[in-house]
There are 2 protein chains.
Amino acid sequence: MTEQQASGDGVTGARHGRRPTMSDVAEKAGVSRALVSLIFRNAPGASEQTRQRVFDVAKEIGYRPDTAARTLASSRTRTLGVMLTIRNPFHADLVESCYAEADRVGYDIVLSTTVPTRDEERAVDALVGHRCEALILFGPKMSAAYLTQLSREHPVVAISRKVPDATLDSVHTAEAKGVRQAVDYLVSQGHRDVIHIDGGAGPGSAERRKAYRAAMRKHGLAERIRVIPGNHTEDSGMRAAEVLLSEDALPTAVLAANDRCALGLLGALHKAGVKVPQEVSVVGYDDSRVAMLSHIGLTTVHQNADELGRLAVRTAVERIESPNAPARELVLDPELRVRDTTGPPR
Amino acid sequence: MTEQQASGDGVTGARHGRRPTMSDVAEKAGVSRALVSLIFRNAPGASEQTRQRVFDVAKEIGYRPDTAARTLASSRTRTLGVMLTIRNPFHADLVESCYAEADRVGYDIVLSTTVPTRDEERAVDALVGHRCEALILFGPKMSAAYLTQLSREHPVVAISRKVPDATLDSVHTAEAKGVRQAVDYLVSQGHRDVIHIDGGAGPGSAERRKAYRAAMRKHGLAERIRVIPGNHTEDSGMRAAEVLLSEDALPTAVLAANDRCALGLLGALHKAGVKVPQEVSVVGYDDSRVAMLSHIGLTTVHQNADELGRLAVRTAVERIESPNAPARELVLDPELRVRDTTGPPR
DNA sequence: CTTCATCACTAGAGCGCGCTAGTAGAGCGC
DNA sequence: GCGCTCTACTAGCGCGCTCTAGTGATGAAG
């Protein structure tokens with residue numbers, strides 16, 4: 001690493017003084033603080049002329065409303081808290097649709113991500129601390145007990161997680177249906193050795209695992225059922241590949257926990273010289289936009305991110321407006337998207 | 001979509017009552033509010049016994065400190081604002097390292113992303129509204145004027161963006177060096193028709209474009225210089241592919257604006273049946289973890305995300321502590337990572 | 001005994017804003 | 001003139017917390 005002193009004004013001068021407040025604007029514009037407040041809230045009751053002058057003054061002295069003070073003073077924050085895993089490309093898709101819908105209904109969004117050094121509880125704490133009026137959790141892995149407790153204290157919408165006897169709203173895809181489609185398709189192609197890398201405690205994993213077992217049994221392949229433990233990261237796909245490659249024979253098809261897992265698996269297989277789909281077919285889950293774009297052409301179970309995000313925001317807002325309404329579960333239909341990582345068995 | 005009423009308690013009961021405050025905790029624990037405050041700030045001056053009792057009571061009634069009130073009351077927020085583009089996998093890498101370093105130095109991080117419906121200005125406004133003590137901008141595309149103005153009002157660290165005559169701190173990779181390595185390598189493999197899809201107004205694009213031209217000239221390939229306009233999204237790679245495929249002959253190598261652009265390009269080439277690297281070699285830029293993992297095995301210019309994030313946070317904190325220190329520019333060396341999307345020309 | 005330090009705790013101001021309850025003044029009808 | 005309405009504005013409380021300047025109790029030192 002090299003370090004240089006920027007060639008600009010060298011010493012950057014006495015900057016970053018006291019942050020201007022509403023009173024500063026009011027004083028400079030020759031009006032009361034209350035009027036400035038009113039104007040910045042877009043409330044009626046100020047003349048157009050004064051309004052303009054206040055905005056001009058504000059811009060001139062670099063005034064921006066203080067979110068903290070606003071939040072504190074008003075009972076409403078009109079803010080939704082979103083917990084996500086930033087590494088997950090599917091979550092990026094969801095975030096975009098959430099923003100779009102939140103804009104439409106006049107809410108702000110605050111993001112809080114989990115990273116390896118920051119668990120879900122910390123991410124949630126940050127959102128609650130910001131006084132979000134509702135929490136939208138993308139594929140939460142937290143315990144059902146914690147989730148239930150949380151939903152007692154705040155409006156909570158879970159995406160891609162079904163909670164039995166739920167006291168919270170959830171929006172998800174019919175996991176079983178997606179898995180069934182995938183297995184049916186693989187079997188119709190002639191596959192019999194279809195294995196599943198599961199998502200561990202990840203959202204929807206239990207349902208997918210169950211559905212995989214059921215679908216295999218339906219096709220009379222109960223004896224070929226095999227589940228390799230995994231999770232929702234690329235790493236689990238790579239590890240599963242190691243396991244498979246260490247054995248005598250590869251299965252002819254693998255149903256991965258999600259797209260990330262599938263990508264990890266593909267990477268490891270590719271490194272080992274295994275041809276996809278000639279030697280092994282691979283199916284993902286999510287259809288995150290990246291999977292579609294890359295030249296991988298991943299066959300995967302499509303979840304409608306736009307719709308999931310939109311519904312989550314709408315449900316959250318409705319929950320805020322009527323906290324005592326019955327908990328709802330919105331279920332979207334998935335759809336298998338056949339691309340290039342699947343084909344007939346070798 | 002189907003909708004079901006969750007099978008739980010049906011009506012969710014009278015929930016989400018008034019949020020408990022410090023006073024509630026104080027009253028229930030039989031101490032003053034000030035003491036509770038002190039305990040939650042981890043300040044000395046309370047007995048171990050009382051401390052424990054207060055924590056117990058807080059947990060029992062579900063108290064969590066209100067960030068807004070905290071922020072308002074204290075001059076410091078110990079919060080760094082990070083502006084990013086959530087779609088960009090490289091930004092995910094950066095976010096992770098920022099969190100890790102922020103934890104180490106005792107700062108919080110607030111994220112604000114740009115999405116198609118939310119531009120950089122709005123993302124920055126949100127951060128400033130949250131009273132972040134410094135802003136860390138991942139590859140900002142805003143005008144130099146706006147950036148300079150912003151840096152006069154707040155400590156600002158830009159990642160991957162060099163600002164001439166800077167009054168702000170920046171942390172980036174030696175763009176030119178990376179591009180030169182890539183061109184040198186391609187030429188050493190025998191390529192002569194090396195074209196460049198540029199990043200438009202994206203961070204570092206100007207430098208990379210310039211370096212590409214210089215490197216080509218150095219190899220006596222001035223006449224082969226060709227820059228296709230693009231940006232930092234997958235879409236631009238796909239569009240560039242369209243352009244190239246509509247022509248008589250493909251170039252033998254393409255230097256993409258970044259990994260996302262390279263991925264889009266690879267996808268489109270693959271769909272058109274063009275073999276990589278046999279017919280065309282492709283080089284990315286960033287080395288986001290996804291590029292490495294996928295079975296793409298993208299040849300790309302590695303930027304050290306861990307180090308970039310770490311340095312950005314450190315620089316931000318140092319800037320907060322000494323606002324008048326000279327602006328700094330930290331430059332890391334990039335490194336070409338040769339994988340599977342490059343080879344000798346056809 | 002007094003003095004002083006220390007510990008454990010409290011009172012209360014104020015952070016920047018939203019919002020309710022007001023007021024001053026203009027315009028109007030009678 | 002009077003009362004009325006309407007527009008354009010203002011006063012000031014309080015949101016939940018931090019933080020300074022305290023208080024009272026205890027114990028050790030002199």
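To find a chain, count down the sequence lines: A is the first, B the second, and so on, and within it residues start at 1.
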K.L.:
Are B/E27 and B/R33 ion-paired here, with the side-chain N under 4.0 Å from a carboxylate O?
P.N.:
no

K.L.:
Using a strict threshold of under 4.0 Å (side-chain N to carboxylate O), is an ion pair present between A/R76 and A/E133?
P.N.:
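A/R76 and A/E133: salt-bridged.
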
K.L.:
Indicate yes or no: does B/R87 engage A/E96 in a salt bridge with an N to O separation below 4.0 Å.
P.N.:
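Yes, B/R87 and A/E96 are salt-bridged.
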
K.L.:
Along nucleotides 12-17 of chain D, 5' to 3', which nucleotides get a B, which get an S, and which get a -, given that the test is a protein heavy-atom distance under 4.0 Å?
P.N.:
BBBBBB

K.L.:
Please list, pair by pair, any protein nitrogen or oxygen found under 3.5 Å from a nitrogen or oxygen in nucleotides 7-9 of chain D.
P.N.:
| from | atom 1 | to | atom 2 | distance (Å) |
| --- | --- | --- | --- | --- |
| D/dC9 | OP1 | A/T50 | OG1 | 3.0 |
| D/dC9 | OP2 | A/S47 | N | 3.0 |
| D/dC9 | OP2 | A/S47 | OG | 3.2 |
| D/dC9 | OP2 | A/T50 | OG1 | 3.1 |

K.L.:
Is any NZ, NE, NH1 or NH2 atom of the basic residue among B/R131 and A/D66 found under 4.0 Å from an Asp or Glu carboxylate oxygen of the other?
P.N.:
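Judged by the 4.0 Å cut-off on N to carboxylate O distance, B/R131 and A/D66 do form a salt bridge.
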
K.L.:
How about A/Y63 and A/F40: are their ring centres within less than 6.0 Å of each other?
P.N.:
yes

K.L.:
Does the structure show a Watson-Crick or G-U wobble partner for C/dG29, both distances under 3.5 Å? Name it, or say none.
P.N.:
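By the stated definition (distances under 3.5 Å), D/dC2 pairs with C/dG29.
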
K.L.:
Are any of the side-chain nitrogens in B/D125 or A/R64 under 4.0 Å away from the carboxylate oxygens of its partner?
P.N.:
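Result for this pair is yes, salt bridge flagged.
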
K.L.:
Do B/Y99 and A/T113 touch side chain to side chain, with heavy atoms closer than 4.5 Å?
P.N.:
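Side chain of B/Y99 against side chain of A/T113, heavy atoms only: contact under 4.5 Å found.
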
K.L.:
Using purine N1 to pyrimidine N3 plus N6-O4 or O6-N4 for Watson-Crick, or N1-O2 and O6-N3 for G-U wobble, each under 3.5 Å, what pairs with C/dA5?
P.N.:
D/dT26

K.L.:
Hey, is A/D103 close enough to B/R118 for a salt bridge, meaning N to O under 4.0 Å?
P.N.:
no

